[in-house]
Amino acid sequence: MAESADMEQLLTAFRKFAVHGDTKATGKDLTGKNWAKLCKDCKITDGKNVTGTDVDIVFSKVKQKTSRVINYEEFQKALEELALKRFKGQSKEEALQSIHKLVEGREPTNVGVTKVAKTAAVDRLTDTSRYTGSHKERFDDSGKGKGREGREEIVENTGYVGAYKNAGTYDTKVKAEK
């Protein structure tokens with residue numbers, strides 16, 4: 001029972017890494033890039049026994065010759081190969097269990113992918129309340145962009161001069177006098 005739950009967690013981790021970074025991925029195949037990410041995020045690569053090169057070599061070994069991805073069965077073979085390298089002092093079964101424990105239930109991390117710059121220079125340059133001239137017209141009072149209205153001169157064919165405050169009141173004045 002516990003072993004089937006562990007295999008289910010391993011499959012879940014495989015699927016999460018398989019769809020990471022690819023909107024068209026189905027979750028059935030793992031690319032070389034995502035395989036390397038899985039090994040790095042799950043701490044399979046330790047820099048001594050298992051390096052990034054080892055990860056790439058094992059990926060090339062287990063995948064089919066014409067394929068660029070591995071399926072779940074090939075993924076398990078790849079874990080077996082890396083388990084022997086990563087846990088050298090253990091038996092094959094113990095090493096496989098140890099490597100499964102590293103992978104089970106893990107998700108791709110996004111730490112340090114994109115950092116927002118928080119410097120005074122960036123704050124000063126992006127503060128819309130300090131904009132002047134034509135750039136000031138592109139944003140409303142809250143600092144949100146106006147879109148097309150802020151970029152282009154939109155002509156109103158009403159017959160009134162621009163910025164005339166009593167536009168549309170002529171008919172009511174003329175009719176009231178008669």
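These values consider heavy atoms only, across backbone and side chains, with no hydrogens, waters or symmetry-generated copies. FYI, the numbering just counts along the sequence from 1.
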Exercise for the section: Evaluate the side-chain proximity of E74 to N71: yes if any heavy-atom separation is below 4.5 Å, no if none is. Expected result: yes

Handout entry: Atom pair OG (S60) and NZ (K65), whose distance is rounded to the nearest 0.5 Å
Key = 9.0 Å

Exercise for the section: Specify the closest pair of heavy atoms between A25 and A18, including all atoms of both residues, with the distance to one decimal. Expected result: CB-O, 3.6 Å

Exercise for the section: Could you tell me the separation between the OG1 atom of T45 and the CG atom of L38, rounded to the nearest 0.5 Å? Expected result: 10.0 Å

Practice task
Taking side chain to side chain donor-acceptor pair (under 3.5 Å) as the test, write out the residues that go with Q76, two or more places apart.
Solution key: Y72

Exercise for the section: In sequence, state the C-alpha distance, the side-chain angles, and the governing distance for E93 and L96, and then conclude on side chain to side chain contact (heavy atoms under 4.5 Å, CB included). Expected result: CA-CA 5 Å; E93 290 79 24; L96 195 57; 5.7 Å; no

Problem - Between NZ on residue K101 and CD on residue Q9, distance to nearest 0.5 Å - result: 10.5 Å

Practice task
Determine whether V103 and L84 fall in the same hydrophobic cluster, where Ile, Leu, Val, Met, Phe, Trp and Tyr are linked whenever their side-chain heavy atoms lie under 4.5 Å apart.
Solution key: no

Problem - side-chain contact (heavy atoms from CB on, under 4.5 Å) involving A78 - partner list, sequence neighbours excluded - result: W35, V58, V62

Practice task
For residues N34 and V19, determine if any side-chain heavy atom of one lies less than 4.5 Å from a side-chain heavy atom of the other.
Solution key: no

Handout entry: All pairs passing salt bridge (charged side-chain N to carboxylate O under 4.0 Å, His left out) where residues 37-56 contributes a residue, at least two apart
Key = K37-D41, D46-R86, D54-K85

Practice task
Using side chain to side chain donor-acceptor pair (under 3.5 Å) as the criterion, list what pairs up with E80, not counting sequence neighbours.
Solution key: none

Handout entry: Same apolar cluster: L11 and I70, side chain cutoff 4.5 Å
Key = yes

Exercise for the section: Examine L82 and I57 and state if one hydrophobic cluster contains both, with Ile, Leu, Val, Met, Phe, Trp and Tyr joined whenever side-chain heavy atoms are less than 4.5 Å apart. Expected result: no

Exercise for the section: Could you grab the distance from atom NZ of K77 to atom CD of E73, nearest 0.5 Å is fine? Expected result: 8.0 Å

Fill in the blank from the handout: In short, T51 meets G47 closest at the heavy-atom pair CG2-O, 3.9 Å

Completion exercise
Distance col, row L102:CG vs C39:SG, nearest 0.5 angstrom, shows 10.0 Å

Fill in the blank from the handout: So salt bridge (charged side-chain N to carboxylate O under 4.0 Å, His left out) across residues 9-22, not counting sequence neighbours, yields K16-E107

Practice task
Please examine the side chains of L30 and F59, heavy atoms only from C-beta on, and report whether any two atoms are closer than 4.5 Å.
Solution key: no

Handout entry: Side-chain heavy atoms of F14 within contact of L79, under 4.5 Å
Key = no

Handout entry: Residues which pass side chain to side chain donor-acceptor pair (under 3.5 Å) with S98, listed by chain and number, not counting sequence neighbours
Key = Q90

